[in-house]
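Reading through the structure tokens given below for one structure.
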Amino acid sequence: MRRTLRFALIAASLVAGTAFASPTNPQNGVEYVTLASPQPVQTVGKKVEVVEFFAYHCPACYALEAPLNEWAKKNADKVSFRRIHLPFQGANDPEAHLFLTLEAMGKEAEMHPKILNAVHVQRVRLMKDDQIIDWVAKNGIDKAKFLETWNSFGVVTKLRRQLQVMNNYQVSGTPTLIVDGKYQTSPGQVAEKLKINDRNQIVQAHLQVLDALVAKAAATK
């Protein structure tokens with residue numbers, strides 16, 4: 001009898017966990033997880049930092065790009081948004097190298113949409129050093145200045161540290177969002193927990209989760 005009751009209680013708790021899954025009231029371990037070791041943020045004051053781990057070649061990142069940018073602009077008064085390129089190919093990842101080089105040159109924001117268009121619309125391959133260097137030289141970036149920055153101590157040092165950054169944030173895939181250095185969520189996680197298949201619904205649900213996590217983080221500042 002006790003054994004039967006125990007299993008019934010477990011089953012009920014699982015059903016309840018599913019029933020209460022909601023993008024407007026996300027639960028830890030369901031629509032998001034709390035990092036075991038919170039990471040330092042770059043924001044000061046009342047703004048909440050939101051970091052997107054992405055990759056230029058990631059289709060899901062490209063699908064999220066426009067709505068996430070719109071969300072970031074809408075919430076600019078309370079959110080500080082920045083990106084980190086996940087080093088999928090390891091310590092010398094060419095795409096992460098490209099991102100860090102453009103960031104150091106002050107060209108990342110300008111070139112970001114051009115790179116995404118090249119990769120996802122024009123189907124340009126930018127997965128190797130020589131492909132990247134050739135492409136940027138043809139798209140408005142001074143090749144000599146780019147190579148100087150590409151090979152600079154600061155950029156190379158940051159590139160070597162990207163794997164550690166990825167591990168610190170416990171990120172293994174893209175796109176992954178980190179709120180206030182401690183809450184991790186992703187469209188894939190939200191879709192899985194809420195049983196959503198439609199892309200637009202996934203994006204909207206994920207943005208609702210971000211809204212809730214930003215509000216949660218802001219309440220503690």
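Under the 3.5 Å distance criterion, the side-chain polar atoms of Lys46 are matched with a main-chain donor or acceptor of Lys221. His120 contributes no side-chain N or O that, together with a main-chain N or O of Pro59, makes up a donor-acceptor pair within less than 3.5 Å.
Within a 6.0 Å radius of CG in Asn28, more than 12 heavy atoms belonging to other residues, nucleotides or ligands are found. Within 6.0 Å of atom CD in Glu70, 12 or fewer heavy atoms from other residues, nucleotides or ligands are found, so the atom counts as exposed in its surroundings.
Here the rule is side chain to side chain contact (heavy atoms under 4.5 Å, CB included) with Gln184, and of Leu213, Val171, Leu177 only Val171 fits it.
Residues Tyr62 and Val119 are not in side-chain contact: their nearest non-hydrogen atoms beyond the backbone lie 4.5 Å or more apart. With a 4.5 Å cut-off on side-chain heavy atoms, Gln122 and Asn117 count as touching. Looking at Pro26 and Thr185, their side chains never come closer than 4.5 Å, going by heavy atoms from C-beta outward. Residues Val50 and Trp71 form a side-chain contact, since some pair of their non-hydrogen atoms from C-beta on lies under 4.5 Å apart. Taking the side chain as every heavy atom from C-beta outward, Asn139 and Ile115 never approach each other to under 4.5 Å. Between Met111 and Leu98 there is no side-chain heavy-atom pair separated by less than 4.5 Å. Contact annotation: the side chain of Val203 never approaches that of His206 to less than 4.5 Å [non-hydrogen atoms, C-beta and beyond]. For the pair Ile178/Gln39, no side-chain contact is recorded, criterion being any heavy-atom separation below 4.5 Å from C-beta on.
Among all heavy-atom pairs drawn from Cys61 and Ala55, the shortest one is SG-N, 3.7 Å. Shown here for Pro38 and Ala36, the closest heavy-atom pair between the two residues is CD-O, 3.7 Å. Of all heavy-atom pairs spanning Glu95 and Tyr56, the tightest one is OE2-CB, 3.2 Å. Of all the heavy atoms in Ile132 and Phe146, the pair that sits closest is CG2-CZ, 4.2 Å. When every heavy atom of Ser172 is checked against every heavy atom of Phe88, the shortest pair comes out as O-CE2, 4.5 Å. Across Glu31 and Gln27, no two heavy atoms sit closer than the pair OE1-N, 2.7 Å.
Every residue two or more places apart in sequence or in another chain that forms a side-chain hydrogen bond (donor to acceptor under 3.5 Å, both in side chains) with Glu65 is listed here: Asn69, Arg83, His112. Under the rule for a side-chain hydrogen bond (donor to acceptor under 3.5 Å, both in side chains), the partners of Glu49 that lie at least two apart in sequence or sit in another chain are Arg82.
The line from CZ of Phe54 to OG1 of Thr176 is 12.5 Å long, rounded to the nearest 0.5 Å. With values rounded to the nearest 0.5 angstrom, Met105 atom CE is found 9.5 Å from Glu110 atom CD. The distance from atom CD1 of Ile141 to atom CD1 of Ile133, rounded to the nearest 0.5 Å, is 13.0 Å. Taken to the nearest 0.5 Å, the NZ atom of Lys216 stands 9.5 Å off from the CG atom of Asn25.
With salt bridges taken as basic N to acidic carboxylate O contacts below 4.0 Å, one links Asp180 and Lys182.
The aromatic rings of His85 and Phe99 lie tilted to each other, with the angle between the two planes from 30° to 60°.
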**Study point:** Derivation and outcome, side chain to side chain contact (heavy atoms under 4.5 Å, CB included), residues Val214 and Val179
**Key:** CA-CA 7 Å; Val214 167; Val179 177; 4.3 Å; yes

Under 3.5 Å donor-acceptor pairs involving side-chain atoms of residues 154-168, not counting sequence neighbours:
residue: Thr157; atom: OG1; partner: Phe153; partner atom: O; Å: 2.7
residue: Arg160; atom: NH1; partner: Asn92; partner atom: OD1; Å: 2.8
residue: Gln164; atom: NE2; partner: Asn168; partner atom: OD1; Å: 2.7
residue: Asn167; atom: ND2; partner: Leu163; partner atom: O; Å: 3.2
residue: Asn168; atom: ND2; partner: Gln164; partner atom: O; Å: 3.4

